[in-house]
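Side chains included, hydrogens not; waters and symmetry mates left out as well; all remaining heavy atoms used. By convention in this document, chain letters (A, B, ...) are assigned in the order of the sequence lines, proteins followed by strands, and residues within each chain are numbered from 1.
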Amino acid sequence: MLEISKKLEDVLNRALVKIFPKEDRSNKTSSILSGTKLLPASKPEFGDFQINCALPLAKEIKQPPRQIAQQIANHLQKDNDYLQICNAPIVAGPGFINISINSKTLISEIYVRLNDERLGIPLKEFSTVKKEEKNNNRVIIDFSSPNIAKEMHVGHLRSTIIGDSLARVLEFCGYEVLRINHVGDWGTQFGMLITHLKEVIPEALYTKDVVEISDLVNFYRQAKKRFDEDPVFQNKSRSEVVNLQTGHQDSLIAWQLLCNQSRKEFQKIYDRLDIKLTERGESFYNNLLVDVINDLKNKDLLINDQGAQCVFLDGFVGKDGKPQPIIIQKSDGGFNYATTDLAAIKYRLAPPPNGDGAVRLIYVTDAGQASHFFGVFQIAKLAKWIPIDCQVEHVPFGLVQGDDGKKLKTRSGETIRLVELLDEAIQRAKTDLIDRLKTESRSENESFINKVSTTVGIAAIKYADLSQNRISNYQFSFNKMLSLQGNTAPYLLYALVRIAGISRKGGDLNVESQNILFNEPQEWNLIRKLLQLDSVIAEVEKELLPNRLCGYLFELSQIFNRFYDQIPVLKANEPSRTSRLALCSITAETLKLGMNLLGIPTLERM
RNA sequence: GGGGCUGUAGCUCAGUUGGAUAGAGCGACGGUUUCCUAAACCGUAGGUCGUGGGUUCAAGUCCCGCCAGCCCCGCCA
């Protein structure tokens, strides 16, 4: 309904100019009127849109608000564009104007969506002014980012799922999205890993693919244990770090081996989750770090503090009340994560071929890193690496908590592996399904059961995460996410299954009739909800909050279920039968598109 | 000490630039099936929006104070 609301806004502005000529407006009046917009109705019974400006105007121009509202309403009614789209405006309450779209317009909107893959949602338009020098629709989303030689755990869950969904939404809108996996593939921990590898599996360095480090986590633990306990090992590890950084052949081979092994493990998870990422780890920025230091130095931003190269920012104060530095280069000459992040910002925004030339950078990491990113963004701004028309934003999310409200851990207090989480969700979905088949005396083959439980399990995990406002902490519960009632993946999937059922029983969802007609309130409710899709997607694109899309899909499913329950489709007479099939068809397409944007697969039967 | 996030029904959470009687779901209680998958639908009960001020015609929403919980704060990422 974005198009319609745009048209109506023009109509509204024309009316306001006529009633309140610009030259007669006081400052306050003009500020009220310039902020005046057509708002979506706060409740369905108020229609589709509302206009509220009569209330703030009342005091300023000393007229009763209802009188002002009536005046605006009268002007709207005289406007031909308005009359084509809407029913007569209604002045309500203390001075609200309620507007509802007429059925002719609603039906023509339904026709538009019937045979449109994008369901009437236009691609975003990008200015092409500087096309040669910049990819002005290129966005980088930095998400997932596990560490090499460690296993993915719950901590990576939210970043991965939320980042993927945001990427899908922006891609659908027309952005060119670079999905960057900023893996931890560099740094001091590789010293001990390489040293350990050389000692335990030395042949790995000289023969290709001879070794599978099947349990990297254990391998990491062993290395860490030796590092903590054995001073000789410690020294070897430290010099190994230097070897690696100076590019010694066998150190690099060992490093590659570890990275490849990890990559394989990560990929298994990404495949199961159907998530695509381009790996570009910390090591990528290694040879750009010196430039970061030099550039900051040239811009007089660096201060030597106790041997470390630091940037001091306003508002950063330490425990003792003294200004607190952000360390860019350690006193031993080494770099840290602020340095890498700065190099990444610089590279991602710089024009090709020496950069990505992106216009929007999005970092999907936990909220704990908020102040780190705030500081790093500040520095990048001071260094003038962020062009005016570019946006750099941190998209934070809260902790994953268990039922007890504490950070999610296993019973023995260990971090939960992501694989186990997925397996358990699928297993539970399977148990539920088998129980259900029994009570319904249905029989299904093994492959059906596996497919459904896998889809439902993964969908449940993703949806549970996405459906919550990402900023607050999120309470993880298998029971809730797999529940067949409420705002859950299974509930949404079921709505789609019902539509597929109608199709199987002879309902042709490929509606081409030009004779569509609606009479029932349940039909109109469904239509109105269907037409909100475009504004919901626009909102997610702007606010980067996938839970808004989830909320919408849930409401749509509820309204559809009500419709399904109360309004016969297949048994209805024409033209109602075809008209209702059209609604089923668009509902199905809307749910599929929405779920797809969340990264969740759907089912025909379950 | 400084900074950030959170606080809404018994529980888990929505709540879009400030708008009409604060919304869902779960749980509780009651009802609906010769009919497209009842994994659904309908109804009832349930609230001092942490707290105290302020701004406004209008505050869950904006501003200030306070309380509680979680997180971050020099050479880890």
Side-chain angles (χ1 to χ4, degrees), chain A residues 35 37 39-40 42-43 45-46 50 52 55-56 58-59 65 92-96 98 145 147 182 184 187-189 282 305-310 315-321 324-332 334-338 340-341 365-372 374-375 396 398-399 401 403 405-407 432-433 436 440 442 467-469 471-475 477 479-480 483-488 490-491 493-495 497-507 535-536 539 542-543 545 547-548 550-551 554-555 558 561-562 564-566 568-571 580 584 605-606:
Chain A
K37 273 187 193 156
L39 298 165
S42 58
K43 286 184 179 182
E45 55 265 39
F46 297 148
Q50 60 181 340
N52 300 338
L55 291 125
K59 199 178 179 190
F96 300 101
N98 293 337
S145 309
N147 286 318
H182 190 78
T188 47
Q189 78 273 22
E282 292 167 355
D305 192 82
Q306 296 168 37
Q309 296 299 318
C310 305
F316 272 64
V317 183
K319 288 172 190 166
D320 45 10
Q324 191 189 336
I326 293 168
I327 294 176
I328 310 296
Q329 187 171 26
K330 299 189 281 188
S331 51
D332 66 0
F335 306 108
N336 60 12
Y337 68 116
T340 312
D341 282 342
T365 80
D366 67 282
Q369 298 188 48
S371 51
H372 161 67
F374 183 78
L399 289 176
Q401 299 173 318
D403 288 326
K406 288 183 181 163
K407 197 170 171 177
D432 287 353
L433 177 62
R436 188 169 167 71
E440 290 184 354
R442 277 166 65 190
S467 61
Q468 204 131 128
N469 185 324
I471 295 158
S472 44
N473 292 342
Y474 148 58
Q475 210 168 78
S477 159
N479 283 335
K480 276 180 189 154
S483 164
L484 311 162
Q485 293 117 341
N487 188 5
T488 65
Y491 182 86
L493 290 172
Y494 179 59
V497 163
R498 285 183 134 179
I499 299 172
I502 290 177
S503 167
R504 271 197 305 280
K505 292 271 164 94
S535 63
V536 171
E539 201 180 316
K542 192 170 153 233
E543 312 280 342
L545 291 172
N547 66 307
R548 297 274 165 82
C550 296
F554 175 56
E555 285 162 19
Q558 279 184 310
N561 275 331
R562 221 162 281 156
Y564 180 92
D565 195 62
Q566 296 163 10
V569 176
L570 294 176
K571 290 185 177 166
R580 289 170 189 171
C584 290
R605 292 198 307 125
M606 64 192 282

May I ask you to say what A/Asn479 touches in the nucleic acid, namely base, sugar-phosphate or nothing, with a heavy-atom cut-off under 4.0 Å? nothing
What interatomic distance, in whole Å, is found between P of B/G52 and the corresponding atom of B/C42? 38 Å
Could you go step by step and tell me if A/Ser145 and A/Thr365 meet the side chain to side chain contact (heavy atoms under 4.5 Å, CB included) rule? CA-CA 9 Å; A/Ser145 309; A/Thr365 80; over 6 Å; no
Closest to the A/Gln475 side chain, choosing from B/G4, B/C13, B/C76: B/C13
CG of A/Asn479 to OG1 of A/Thr488: how many Å apart, nearest 0.5 Å? 12.0 Å
Of all the choices, B/A24, B/U16, B/C11, which nucleotide is nearest to the side chain of A/Phe554 once you look at every atom? B/A24
If only side-chain N and O atoms of A/Ser472 are considered, is one of them under 4.0 Å from the OP1 or OP2 phosphate oxygen of B/A14? yes
Identify whether any heavy atom of A/Gln306 sits under 4.0 Å from a base atom; if not, whether one sits that close to sugar-phosphate; answer base, sugar-phosphate or nothing. base
Categorize A/Gly368 for me: base, sugar-phosphate, or nothing, with a 4.0 angstrom heavy-atom threshold over every strand shown. sugar-phosphate
Measure the distance from CD on A/Gln50 to C1' on B/G18 and round it to the nearest whole Å. 12 Å
What is the separation between atom CD1 on A/Ile327 and atom C1' on B/C75, rounded to the nearest whole Å? 4 Å
Using the P atom as the reference point in each nucleotide, state the distance between B/G4 and B/U12 in Å, no decimals. 26 Å
Look at all strands and tell whether A/Ala495 reaches a base, only sugar-phosphate, or nothing, counting heavy atoms closer than 4.0 Å. nothing
Paired stretches of RNA chain B - 3 or more consecutive Watson-Crick or G-U pairs, each distance under 3.5 Å: B:1-7 with B:67-73, B:10-13 with B:23-26, B:28-32 with B:40-44, B:50-54 with B:62-66
Indicate, with a heavy-atom threshold strictly under 4.0 Å, whether A/Lys43 touches base, sugar-phosphate, or nothing. sugar-phosphate
What does A/Ser371 touch in the nucleic acid at a heavy-atom separation under 4.0 angstrom: a base, only the sugar-phosphate, or nothing? sugar-phosphate
What's the gap between B/U55 and B/U16 when it is taken at their C1' atoms, as a whole Å value? 22 Å
I need the A/His182 NE2 to A/Asn147 CG distance, nearest 0.5 Å. 10.0 Å
Can you tell me if A/Lys542 touches the phosphate of B/U16, counting only side-chain N or O atoms and a distance under 4.0 Å to OP1 or OP2? no
A/Phe316 over B/G3, stacked by centroid distance under 5.5 Å, angle under 30°: no
Have a look at A/Ala58 and say if it touches a base, only the backbone sugar-phosphate, or nothing, with a 4.0 Å heavy-atom cut-off. nothing
Measure from CG on A/Leu55 to C1' on B/G18 and round the result to the nearest Å. 12 Å
Once you apply a heavy-atom cut-off of 4.0 Å, does A/Asn473 come out as touching a base, just sugar-phosphate, or nothing? sugar-phosphate
To the closest 0.5 Å, what do you measure between CG (A/Asp341) and NE2 (A/His372)? 4.0 Å
For A/Lys59 and A/Leu545, take the nucleotide of RNA chain B holding the closest heavy atom to each; which residue's nucleotide lies nearer the 5' end? A/Leu545
Rounded distance in Å - CD (A/Gln468) to P (B/C11): 15 Å
How close or far is atom C1' of B/A24 from atom CD of A/Gln558, stated in whole angstroms? 7 Å
Rounding to the closest angstrom, what is the interatomic distance between B/C67 and B/A40 at atom P? 46 Å
Taking the side chain of A/Gln369 as its heavy atoms from C-beta onward, which of B/A77, B/G15, B/G74 lies nearest to it? B/A77
Using the P atoms only, state how far B/A9 lies from B/C36, rounded to an integer number of Å. 41 Å
Just checking A/Pro56: base, sugar-phosphate only, or nothing, at a heavy-atom cut-off of under 4.0 Å? base
Whole-angstrom distance between B/A38 and B/A59, as gauged at atom P: 46 Å
B/C72 versus B/A77 - spacing of their P atoms, nearest Å: 16 Å
If you count every heavy atom of other residues, nucleotides or ligands that lies below 6.0 Å from A/Phe316 atom CZ, does the total exceed 12? yes
For RNA chain B, whose closest nucleotide is more 5', that of A/Asn52 or that of A/Ser331? A/Asn52
Tell me the interatomic distance from A/Lys480, atom NZ, to B/G27, atom P, rounded to whole angstroms. 10 Å
Side chains of A/Phe96 and A/Leu55: closer than 4.5 Å at any heavy-atom pair? yes
To check you understand the geometry: which heavy-atom pair defines the closest contact between A/Pro325 and A/Cys310, and what is its length? CB-CB, 3.5 Å
Separation between the C1' atoms of B/U32 and B/A68, rounded to whole Å: 45 Å
What distance do A/Gln475 atom CD and A/Leu399 atom CG have between them, rounded to the nearest 0.5 Å? 12.0 Å
d(CG, A/Asn547; P, B/U12) in whole Å: 18 Å
Looking at OH of A/Tyr494 and CG of A/Asn561, how far apart are the two atoms once the value is rounded to the nearest 0.5 Å? 7.0 Å
pair A/Gln468-A/Asn547: side-chain heavy atoms closer than 4.5 Å: no
What's the CG-P distance between A/Asn469 and B/U16, to the nearest Å? 10 Å
Going 5' to 3' through nucleotides 31-40 of chain B, assign each nucleotide B (protein heavy atom under 4.0 Å from a base atom), S (under 4.0 Å only from sugar-phosphate atoms) or - (no protein heavy atom that close). ----SBBSBS
Taking atom types as they are modelled, is there a donor-acceptor pair under 3.5 Å from the base of B/A20 to the side chain of A/Asn98? yes
Please answer whether the main-chain N or O of A/Pro568 pairs with a side-chain N or O of A/Arg580 as donor and acceptor at a distance below 3.5 Å. yes
Starting at CG of A/Asp565, measure out to CZ of A/Arg498 and round the result to the nearest 0.5 Å. 6.5 Å
